[in-house]
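What follows is a single structure, and I will ask about it in a moment.
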Amino acid sequence: MADPYYITTAIHYPNGKPHIGHAYETIAADVIARFQRLMGREVRFQTGTDEHGLKMAHKARDLGRTPRELADEMSGAFKELFDRLDITYDRFIRTTDEDHHKASRAIWQAMEAKGDLYLDRYEGWYSVRDEAYYDEKELIEGEAGEKLSPQGTPVEWTEEETWFFRLSKYADQLVELLNKPGFLEPVSRRNEMIAFIEGGLKDLSVSRTSFDWGVKVPGHDNHVMYVWVDALTNYITGLGYPDGGEMWDKFWPANLHLIGKDIVRFHTVYWPAFLMSADLPVPQKVFGHGFLLNRGVKESKSAGNVTDPNELVDLFGVDSLRYFLMAEVVFGKDGSYSAEALVNKVNAELANSFGNLAQRTLSMIHKNMDGKLEDFSPNGEDKSLLAIVREACNVTLPKEFETLNFSVGIEAWLKAVFACNAYVDEQAPWALKKTDPERMKAVLQTLFLAIRDLAIAIQPVVPTKSSAVLDQLGVKSDGRSYADLSDEGWFTALVAAGHVIDKPVPAFPRLELPETEDS
RNA sequence: GGGCCCGUAGCUCAGUUGGUUAGAGCUGGCCGCUCAUAACGGCUAGGUCGCGGGUUCGAGUCCUGCCGGGCCUACCA
């Protein structure tokens, strides 16, 4: 199968339960994965959890458990959530997986063989939370006079032997890479990264001796790798690195690393540098999406406004959540969400506009045509509507999804839905029923064709609901790709098969805002 | 401290390289329809385009200062 497509999400740090941001990123990746499959590409989609590091070790210690126990439980919570969200990952990777340790050691050895790793000694202030070292001068004073990092996180004095990576050696190549159109999006991030590099790169400390929860450095068992070295490596672990093989040949370099805007630097500076050092190709694109705000405010434990994605799924269903996040938020920018906004948007666009369009149409076909379809000749108005729908479904939406402009693509789709509803009103098939039954049939079946296109187009976003619609229409499960939109023969085949439309069931019932919703 | 972004109708936002009456969706109001999930369609709501200057025949769209919000980065006190 031609045209492979490899997409990854960041692997999530499971020192707590998954929050809305994890759901958002992974849903977006899944929409892309499903979209590319419908476009006929062979997709490999990987997500997972990043389980090493001092933060995990500390968290486990605080809970009186082993890091592994904590990792197992939390990673499980992530996997469970992603399964509920209908995420079609091909691999859920865990950095504690045996093959991942092997891959991490291999890339380490490749960098070492290149002469890019050297052992040195480090003394200074270290912030566990930031996983970073700070200069004495950078520190600020806390309320109680304690020393804090510039970010306000606690720091502790550390003296250790550590491995360094010759990051500065790759500065020129990295700038060149960052200037490559399409490598880093949104482009607004590009200047920041270039400025960071041109401000002078320091060699990167890439190992720790102060704890042992991580991947051991080859030949130096007292060192574990800096979490980012092993975390980033997950992207190639999942393809069989270092052994190579069919999957490796087919899918590396990745088409897209989808990540949050906060970790753009790790993915567009450190990661490419590691790969260059190991003589491996760099990823084709890194996209840093925005954050979701809860009514415009950042969620945090201290603010007590953390949303459990599972709760949203319980209340509103998976597809509603998926639709809202992809349609409401301009991809790449921060977005705001609330239960009210979700209910309003989903009810207006999915239930009232699209769902009801399908319901009223199928209901009329069921009642007035005994559910039977027949060949017909569309007139000018019918053709005009179908052209609008086809344009939105087969041209605009795919074009926008290809460039990750989901909200724009969905908007075009919605415009086509509006056109269908306006068409129903103009044609008034309920009146034609008495005056011109043949014409009524043509109108209803024109709508039938339109709904099929619309349902096919929106599948990546609302996979379960759209397939429910397509099932009711009688569209074969192997006739639902974007290529099938251009198939002119499917309706005739459906008629010939004698398909009968049953009494329809609303695919997108209206949502209700729970009473418990406060403020 | 340096660099960058944002602030457009009640809400969420579009606004190409500056050019006739500044747009969309939601909400509100009015009218129509009754097939449908009390859903649909049409009309409408008249906003100093954050504030003050400037360039220009003409600026939301360029320059500058200020206010407010955000981001990246930095060893000066």
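The chains referred to below are lettered A, B, ... by the order of the sequence lines, with proteins before strands, and numbering in each begins at 1. Computation of the quantities below employed the complete heavy-atom set of this structure, encompassing side-chain atoms and omitting hydrogens, waters and symmetry-equivalent molecules.
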For the side chain of Ala422(A), counting heavy atoms from C-beta on, which of G41(B), C33(B), C40(B) is nearest?
G41(B)
Roughly how far, to the nearest 0.5 Å, is NZ of Lys261(A) from CZ of Phe287(A)?
11.5 Å
Hunt down any stem RNA chain B takes part in, defined as 3 or more consecutive Watson-Crick or G-U pairs whose two distances are each under 3.5 Å.
B:1-5 with B:69-73, B:10-13 with B:23-26, B:28-32 with B:40-44, B:50-54 with B:62-66
So what does Asn344(A) hit on the nucleic acid, given a heavy-atom distance under 4.0 Å: a base, only sugar-phosphate, or nothing?
nothing
Grab the CG-C1' distance between Leu447(A) and A36(B) for me, whole Å please.
12 Å
Round to a whole Å and report the spacing from OH of Tyr423(A) to P of A36(B).
18 Å
Output for pair (Phe418(A) CZ, Glu349(A) CD), nearest 0.5 Å, gives 6.0 Å
Would Lys55(A) pass as a cation-pi partner of Tyr13(A), given that its NZ or CZ must be under 6.0 Å from the six-membered ring centre and within 45 degrees of the axis?
yes
Aromatic contact, Tyr337(A) with Tyr24(A) (centres under 6.0 Å)
no
Between A22(B) and U12(B), how far apart are the P atoms? Round to whole Å, please.
23 Å
How many whole angstroms separate atom CG of Leu342(A) from atom C1' of U12(B)?
14 Å
Ile410(A) CD1 - U12(B) C1' separation (whole Å)
15 Å
Given the C1' atoms of U44(B) and G50(B), what is the spacing between them in whole Å?
28 Å
Measuring from the side chain of Ser363(A) (C-beta onward, heavy atoms only), which nucleotide among U37(B), U73(B), A36(B) has the closest atom?
A36(B)
Just how far is it from atom CG of Leu432(A) to atom CD of Gln427(A), taken to the nearest 0.5 Å?
7.0 Å
Fit a plane to each ring of Phe274(A) and Phe165(A), take the angle between them on a 0 to 90° scale, and name the class: parallel (under 30°), tilted (30 to 60°) or perpendicular (over 60°).
perpendicular
Among the candidates G25(B), U12(B), U37(B), find the nucleotide nearest to the side-chain atoms of Glu328(A).
U12(B)
Looking for any heavy atom pair under 4.0 Å, which part of the strands does Pro429(A) touch: base, sugar-phosphate only, or nothing?
nothing
Once you round it to whole Å, what is the distance between P of C6(B) and CZ of Phe291(A)?
19 Å
Rounding to the closest angstrom, what is the interatomic distance between G58(B) and C13(B) at atom C1'?
27 Å
Nearest of G41(B), U73(B), A36(B) to any side-chain atom of Asp425(A)?
G41(B)
Starting from P on G25(B), measure out to CG on Leu414(A) and report it in whole angstrom.
10 Å
How close or far is atom P of U73(B) from atom CE of Met193(A), stated in whole angstroms?
6 Å
When you compare C71(B) with G52(B), how far apart are their C1' atoms, in angstrom units rounded to a whole number?
27 Å
Rounding to the closest angstrom, what is the interatomic distance between C66(B) and G28(B) at atom C1'?
36 Å
Would one find more than 12 heavy atoms of other residues, nucleotides or ligands at under 6.0 Å from atom CD of Glu176(A)?
no
Of the nucleotides U73(B), U37(B), C35(B), which has the atom closest to the Phe196(A) side chain?
U73(B)
In whole Å, measure the gap between the C1' atoms of C57(B) and U48(B) for me.
23 Å
Between Ser353(A) and Asn368(A), just flag the one whose closest nucleotide in RNA chain B comes earlier from the 5' side.
Asn368(A)
Check whether any side-chain nitrogen or oxygen of Arg510(A) sits under 4.0 Å from OP1 or OP2 of A39(B), and answer yes or no.
yes
Quick note, Asn356(A) side chain, CB onward, closest among A39(B), A24(B), G41(B) is A39(B)
Euclidean distance for C1', C72(B) against A39(B) (whole angstrom):
48 Å
Using the P atoms only, state how far G23(B) lies from C6(B), rounded to an integer number of Å.
22 Å
May I ask you to verify if any side-chain N or O of Lys333(A) is less than 4.0 angstrom from the OP1 or OP2 atom of A14(B)?
yes
Respond yes when some side-chain nitrogen or oxygen of Lys367(A) is under 4.0 Å from OP1 or OP2 of A36(B), and no when none is.
yes
Given C40(B), U37(B), G25(B), the nucleotide with the shortest approach to the side chain of Asn352(A)
C40(B)
Strictly distance-based, threshold 3.5 Å: is any side-chain N or O of Arg322(A) a donor or acceptor partner for the main-chain N or O of Val461(A)?
yes
Which of these nucleotides, C72(B), G25(B), C35(B), is closest to any side-chain atom of Arg265(A)?
C72(B)
Relative to the 5' end of RNA chain B, which residue comes earlier, Leu357(A) or Lys345(A), by the nucleotide with the nearest heavy atom?
Lys345(A)
Ring centroid separation His289(A) to Phe406(A) under 6.0 Å
no
Heavy atoms of Leu350(A) and Trp413(A) approach each other most closely as CD2-CH2, 4.1 Å
Taking CG from Leu292(A) and P from U12(B), how many angstroms apart are they, rounded to a whole number?
16 Å
